[in-house]
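No experiment lies behind these values; they were computed from the predicted model shown.
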Amino acid sequence: ETGQARTVNAALAALAAASLAEATQGSGPFDAELEALERLMPLSAEVRALKPYAEGGAPSRAALAAEFDAAAAKASIAARDPGETGGFLERLRHALSSIVTIRQVGSTTGDAPDAVLARADAAVAEGDVAGALTLLRALPPKAAQAMAPWQARALQRVAVDRQVAAIRARALSDLVDVTREQP
C-alpha cells in the first residue's frame with residue numbers, strides 16, 4: 001500500500017507539473033496550479049522560487065516578441081545619441097531620428113547595435129528568449145539602458161521557464177524511480 005501511495009503521489013505530481021507548465025506559457029497568473037503542486041512537492045526549492053511570479057504571471061514569449069520591435073527602436077536611437085559632446089548637426093540628426101526611426105533589420109553581421117538587435121530579434125522570433133538576452137549583452141551602454149525594461153520582462157520569462165523545466169524533470173524522475181521500485 002505504501003508503494004502504491006508513493007506511485008499515486010508521484011503520478012499526481014507529474015500531472016500537476018504538466019498543468020503548471022501549460023499554465024505558465026501564457027502571460028496570466030498560475031497561482032492555483034502552483035498551489036496544487038506545492039501540496040504534492042512541499043519541499044521543492046523550484047516551487048518556492050516560482051511564488052513571486054505566480055500571482056501576476058510572467059510575460060509570454062509572444063508578448064515579448066510583440067514588444068521587442070518598439071524596445072529595439074528605442075535602443076537603436078539611444079545607441080546613436082551623440083551626447084553633449086556631439087556637434088549641432090549630430091544632435092539635430094539624432095533628434096530627427098527619434099521622430100522617424102530607421103533601423104537596419106536585415107544585417108545580422110558585425111558588432112554594430114543594429115546588427116546585435118537584429119540577431120536578438122531573430123532569436124526572440126524563434127522563441128529563444130534566453131539566447132536573445134545573451135546577445136543583448138553586446139549592446140553599448142546607452143542602448144542597453146533603453147532595452148532594460150524589455151530585458152527585465154524577458155528575465156522573468158526565462159526564470160519561470162527554468163524553474164518549470166526543473167520541476168517537470170524532478171516530477172518525472174520521481175515517477176520513474178517509484179515505478180522501478182514496484183515489483
Side-chain angles (χ1 to χ4, degrees), residues 17 20-30 33-34 45-170:
L20 176 69
E22 185 176 328
T24 60
Q25 293 309 302
S27 294
F30 51 89
E33 291 83 359
L34 187 64
E46 293 86 4
V47 171
R48 287 192 306 273
L50 284 174
K51 281 190 176 228
Y53 306 105
E55 196 172 305
S60 67
R61 283 182 198 80
L64 290 168
E67 297 167 3
F68 189 85
D69 281 341
K74 289 178 184 176
S76 181
I77 291 167
R80 290 186 179 87
D81 185 358
E84 297 299 321
T85 59
F88 173 75
L89 288 178
E90 288 174 322
R91 289 194 320 251
L92 179 63
R93 187 176 309 127
H94 180 261
L96 290 174
S97 74
S98 65
I99 297 169
V100 177
T101 304
I102 299 174
R103 180 172 65 95
Q104 295 178 359
V105 294
S107 176
T108 60
T109 57
D111 295 333
D114 283 345
V116 171
L117 291 167
R119 288 192 298 271
D121 188 22
V124 170
E126 292 174 6
D128 185 9
V129 176
L133 286 169
T134 300
L135 290 167
L136 292 174
R137 290 183 194 149
L139 287 175
K142 289 180 182 178
Q145 185 177 9
M147 284 298 295
W150 184 89
Q151 287 176 303
R153 291 175 50 74
L155 283 170
Q156 290 176 342
R157 168 53 40 203
V158 169
V160 167
D161 286 347
R162 283 188 180 141
Q163 297 304 328
V164 169
I167 289 168
R168 288 186 78 178
R170 171 79 185 271

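The side-chain contact (heavy atoms from CB on, under 4.5 Å) search around Gln163 returns Glu46, Ala49, Leu50, not counting sequence neighbours. In this structure Ala23 satisfies the side-chain contact (heavy atoms from CB on, under 4.5 Å) test together with Phe30, Glu33, sequence neighbours excluded. Residues passing the side-chain contact (heavy atoms from CB on, under 4.5 Å) test with Ala130 are Asp128, Val158, Arg162, sequence neighbours excluded. In terms of the side-chain hydrogen bond (donor to acceptor under 3.5 Å, both in side chains) criterion, Thr134 has no residue partners (sequence neighbours excluded). In this structure Glu67 satisfies the side-chain hydrogen bond (donor to acceptor under 3.5 Å, both in side chains) test together with Arg153, sequence neighbours excluded. Every residue meeting the side-chain contact (heavy atoms from CB on, under 4.5 Å) condition with Ala132, not counting sequence neighbours, appears here in chain and number order: Ala120, Ala123, Val124, Trp150. Shown here are the side-chain hydrogen bond (donor to acceptor under 3.5 Å, both in side chains) partners of Gln25, two or more places apart in sequence or in another chain: Arg61.
Residue Leu117 comes nearest to Ser76 through the heavy atom pair CD1-N, 3.9 Å, listed as atom of the first residue, atom of the second, then distance. What you find for Val116 and Leu135 is that their closest heavy atoms are CG1-O, 3.3 Å. Scanning both residues, Ala21 and Arg168, for their nearest heavy atoms gives CB-CD, 3.5 Å. Nearest approach of Ala146 to Pro149, heavy atoms of both residues: O-CD, 3.5 Å. Scanning both residues, Val160 and Ala58, for their nearest heavy atoms gives CG2-CB, 3.8 Å.
In this structure, CG in Leu64 is found 10.0 Å from CG in Leu155, a value given to the nearest 0.5 Å. For the atom pair Leu34 CG and Arg48 CZ, the distance stands at 11.5 Å (nearest 0.5 Å).
The ring pair (Phe, Tyr, Trp, His ring centres under 6.0 Å) analysis of residues 125-149, with sequence neighbours excluded, yields no pairs.
Under a 3.5 Å cut-off, the side chain of Ser27 and the backbone N or O of Ser60 do form a donor-acceptor pair.
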